[in-house]
Amino acid sequence: MHVGTGRTALFNWLFARHTGGTFIVRIDDTDDERSDPLFEADILDGLRWLGLQWDEGIAVGGPHGSYRQSDRYPRYREAAEVLVAEGTAYPCFCTPAELDERRKQAEAVGRPPGYDGRCRTIEHSVATARRAAGETAAIRLAIARPGATEFTDLIRGEIRVEHDNLDDFVLLRSDGRPTYHLASTVDDVDYEITHVARGEDLLPSTPRHIQLTLALGAEVPIYAHIPLIHGTDGKRLSKRHGAKGVIEYREAGYLPEALANYLCLLGWSPGEDLTVFPLSLAIERFELSAVSKNPAVFDLAKLDWMNGEHVRALPPEEFMARAEPFIESGLGHELTPEQRSRFVELAPLVQERTKLLSEIASQVRFLFVDDVEFDADSWTKVMTAEAGPVLDAAVARLTELGDWTAAEIEASLRAMLDELGLNPRKGLQPLRVAVTGSTVSPPLFESMAVLGRDVTVQRLNTARSRLLG
RNA sequence: GGCCCCGUCGUCCAGCGGCCUAGGACGCUGGCCUUUCAAGCCGGAAACGCGGGUUCGAAUCCCGUCGGGGCUACCA
């Protein structure tokens, strides 16, 4: 599921929860080329991960049948035929090739490229006879002309479109499959949809859907068109921009509550300059009418920051639970109980420093391996000639140290710094690299405490010999 | 081209005729704190596209213009 779709779903969900309405999930799969059972699973996974439970629809059921459009083709066909019988729709015998040809001509002359309505004038009895004789036809809606459609969009206000700009669009393809317009409008009617909140790309289709709904003899729902999410080039966000699907954010180490929080901010704000907030607060305050009219650019840097905020807000046990899968996949094996308890000790310090859960594995790798892998840049930066005496002194002190606690280690090493006349940066960084493999790591004294005296001293010695050798 | 929508810092959001010398957040940046990295704290640069109206007064209302986006299929 695309993040733009995810945000649209989120706004629908917030609206339903805020108003006490019913959030329905249906699968629009009338386009064979772009539909696949895999897409359906991906969408449902994405919704579940974001925490957008639906009250009715696909996978959970409800009073209206299947909730998958490809299961409802007979229903759409029936609806189209009723309209033909009533005269508000008509069969069109033009072939796609002919239409294509005419469209090109129209464009060349600068005429509107829409369908010219020529089959509309075919006598009803004649058309019926031709179909009875086996001629295939698409079904088109006969738009009232002259005329205009007016409606009030919850986000955009009054919208008016002259029917001269609306062609008689196809309801049912000549092979009997419905178009998106027919299927979704019939569904909206059948499912008793009161509010349709969807992407702005569908704004131009709305007059068609309203005319169809009217022809169907049903009440027109209230529409709200949500602005699109753009990439940094101002174009509609797509894979080209490196945009990930909702589920990919999970794999990349994002928290669903962080993504949801960020998505809320794309086109909406809860007021009071609030930025970091739980979904429950969004439910309390959400109004479709308060959604911005402007397209929003997706800013990954802000999402990253937002994720850090949510990670830090996690209760410690929760942080552990979410971090573990990432550590294990980084390590390539499961954590032993002993390794897990080692991580638990350091976890609060790691949590403060975490932006993405996927970064944790490399941060704490040194806790779980037999031999640290030295980061090349870190090594050359701090393992200078001065580092040797520091390592020696540290080994001597730590071997003698009484209680192996972070506080004792710190006291001892600070005394060493005084003795050697070194500042912390000079004196501690070689130790950090020796013990963790990198100049960037969780706090040193605590790390040593967790590793234990033997491992710590052994690593200092290993670095010492490598420095000499 | 036609139709529709939109136009406040680089980005997201606030602003709904006087509270605006335009506010918050991310990012950027100077400093503090500091065992590294983060986090935190203090400070800084940074925007009402343009032109006309309306009004005592406009970021806020109207018109035009320019710019951006969407749609323009027997796709959704």
Side-chain angles (χ1 to χ4, degrees), chain A residues 28-35 92 94-96 99-100 103 107 109-115 136-140 153 155-157 159-162 164-167 169-181 183-184 198-207 225 227-228 230 232 234-236 262 264-276 292-306 308-309 312 349-355 363 378 382 410 413-414 417 423-429 431-433 436 438-447:
Chain A
D28 286 15
D29 57 351
T30 51
D31 180 1
D32 289 346
E33 288 79 50
R34 291 200 309 197
S35 297
C92 170
C94 303
T95 66
L99 294 170
D100 204 44
R103 185 162 32 245
E107 246 162 63
V109 194
R111 293 268 133 244
Y115 179 62
T136 61
I139 304 298
R140 291 180 182 272
D153 186 284
I155 297 173
R156 277 147 219 287
I159 311 264
R160 178 191 169 87
V161 176
E162 297 292 338
D164 286 345
N165 301 311
L166 227 54
D167 66 353
F169 62 101
V170 170
L171 264 20
L172 203 65
R173 299 162 164 121
S174 53
D175 65 2
R177 288 157 52 231
T179 60
Y180 161 76
H181 302 298
S184 68
R198 43 157 53 161
E200 191 189 352
D201 51 336
L202 289 167
L203 191 51
S205 296
T206 302
H225 287 89
L228 266 15
H230 285 186
T232 39
K235 300 278 198 292
R236 191 173 168 171
Y262 178 69
C264 277
L265 258 19
L266 250 35
W268 180 74
S269 112
E272 295 173 42
D273 291 328
L274 243 39
T275 305
V276 181
S292 159
K293 298 180 178 69
N294 313 341
V297 173
F298 194 87
D299 182 3
L300 196 60
K302 189 162 184 174
L303 206 212
D304 286 353
W305 165 80
M306 178 74 75
E309 291 288 312
R312 268 171 255 122
L349 297 174
V350 175
Q351 182 173 5
E352 288 177 55
R353 275 153 251 267
T354 301
K355 245 188 182 130
Q363 285 288 308
S378 296
V382 304
E410 173 165 11
L413 292 180
R414 285 199 187 281
L417 255 26
N423 63 29
R425 187 168 211 109
K426 273 279 180 204
L428 262 22
Q429 282 301 75
L431 305 183
R432 184 185 304 281
V433 171
T436 72
S438 169
T439 50
V440 176
S441 82
L444 181 61
F445 313 125
E446 287 80 357
S447 296

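Chain letters run A, B, ... following the sequence lines, proteins first, then strands; residues in each count from 1. All values below were derived from every heavy atom in this structure, side-chain atoms included, with hydrogens, water molecules and symmetry-related copies excluded.
Of the residues near RNA chain B, A:Val297 and A:Gln363, the one whose nearest nucleotide (by heavy atom distance) lies more toward the 5' end is A:Val297. When the nearest nucleotides of RNA chain B are assigned to A:Ile159 and A:Ala296 by heavy-atom distance, the more 5′-ward of the two goes with A:Ile159.
Considering only the side chain of A:Ser292, B:C13 comes nearest among B:U35, B:U36, B:C13. With B:A14, B:U36, B:U11 as the candidates, the nucleotide lying closest to the side chain of A:Ser269 is B:A14. Of the candidate nucleotides B:U36, B:C13, B:C6, B:U36 has the atom lying nearest to any side-chain atom of A:Gln429. In the set B:C13, B:A39, B:U35, B:U35 carries the atom at the smallest distance from any side-chain atom of A:Leu428.
B:G53 and B:G43 have their C1' atoms separated by 42 Å, with the value rounded to a whole Å. When the C1' atom is used for both B:A22 and B:A14, the distance is 10 Å, rounded to whole Å. Taking atom C1' in both B:A76 and B:U60, the straight-line distance is 37 Å, to the nearest Å. The same atom, C1', is picked in B:U65 and in B:G30; the two are 42 Å apart, to the nearest Å.
Between A:Glu200 and A:Lys293, every side-chain heavy-atom pair lies at or beyond the 4.5 Å cut-off. When side chains are defined from C-beta on, A:Ile159 does not count as touching A:His225, because their heavy atoms never get closer than 4.5 Å. With a 4.5 Å cut-off on side-chain heavy atoms, A:Leu431 and A:Phe445 do not count as touching.
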Criterion side-chain contact (heavy atoms from CB on, under 4.5 Å) on A:His181 and A:Phe169, from CA distance to verdict:
CA-CA 9 Å; A:His181 302 298; A:Phe169 62 101; 3.7 Å; yes

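Side-chain contact, A:Thr206 with A:Arg198: a donor N or O sits under 3.5 Å from an acceptor N or O.
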A correct 5'-to-3' footprint of nucleotides 23-28 of chain B, with B, S and - meaning base, sugar-phosphate only and no protein heavy atom under 4.0 Å, is BSBB--

Protein heavy-atom contacts under 4.0 Å, written 5' to 3' over nucleotides 59-75 of chain B as B (base), S (sugar-phosphate only) or - (none), form the string ----------SBSSSBB

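In this model, the phosphate group of B:G2 is not approached by any side-chain N or O of A:Arg111 to a distance below 4.0 Å at OP1 or OP2.
A donor-acceptor pair under 3.5 Å is formed between the side chain of A:Arg177 and the backbone N or O of A:Thr30. Using a distance-only test at 3.5 Å, with no hydrogens or angles considered, a donor-acceptor pair links the side chain of A:Thr179 to the main chain of A:Val170. A:Asp167 places no side-chain N or O within 3.5 Å of a backbone atom of A:Gly114 that could act as its donor or acceptor partner. The closest donor-acceptor contact from the side chain of A:Arg111 to the backbone of A:Glu107 lies at 3.5 Å or more, if one exists at all.
In this model, a side-chain donor or acceptor of A:Arg432 finds a partner on the base of B:U35 within 3.5 Å. A donor-acceptor contact under 3.5 Å links the side chain of A:Arg353 to the base of B:C37.
At a threshold of 4.0 angstrom between heavy atoms, the contacts of A:Tyr262 with the nucleic acid are absent.
Pairing for B:G10 is with B:C26, a Watson-Crick or G-U wobble pair whose two hydrogen-bonding atom distances lie under 3.5 Å. Across all strands shown, B:A46 has no partner, as no Watson-Crick or G-U wobble contact with both distances under 3.5 Å is found.
For A:Arg312, the side-chain contact (heavy atoms from CB on, under 4.5 Å) test picks out A:Glu309, with sequence neighbours left out.
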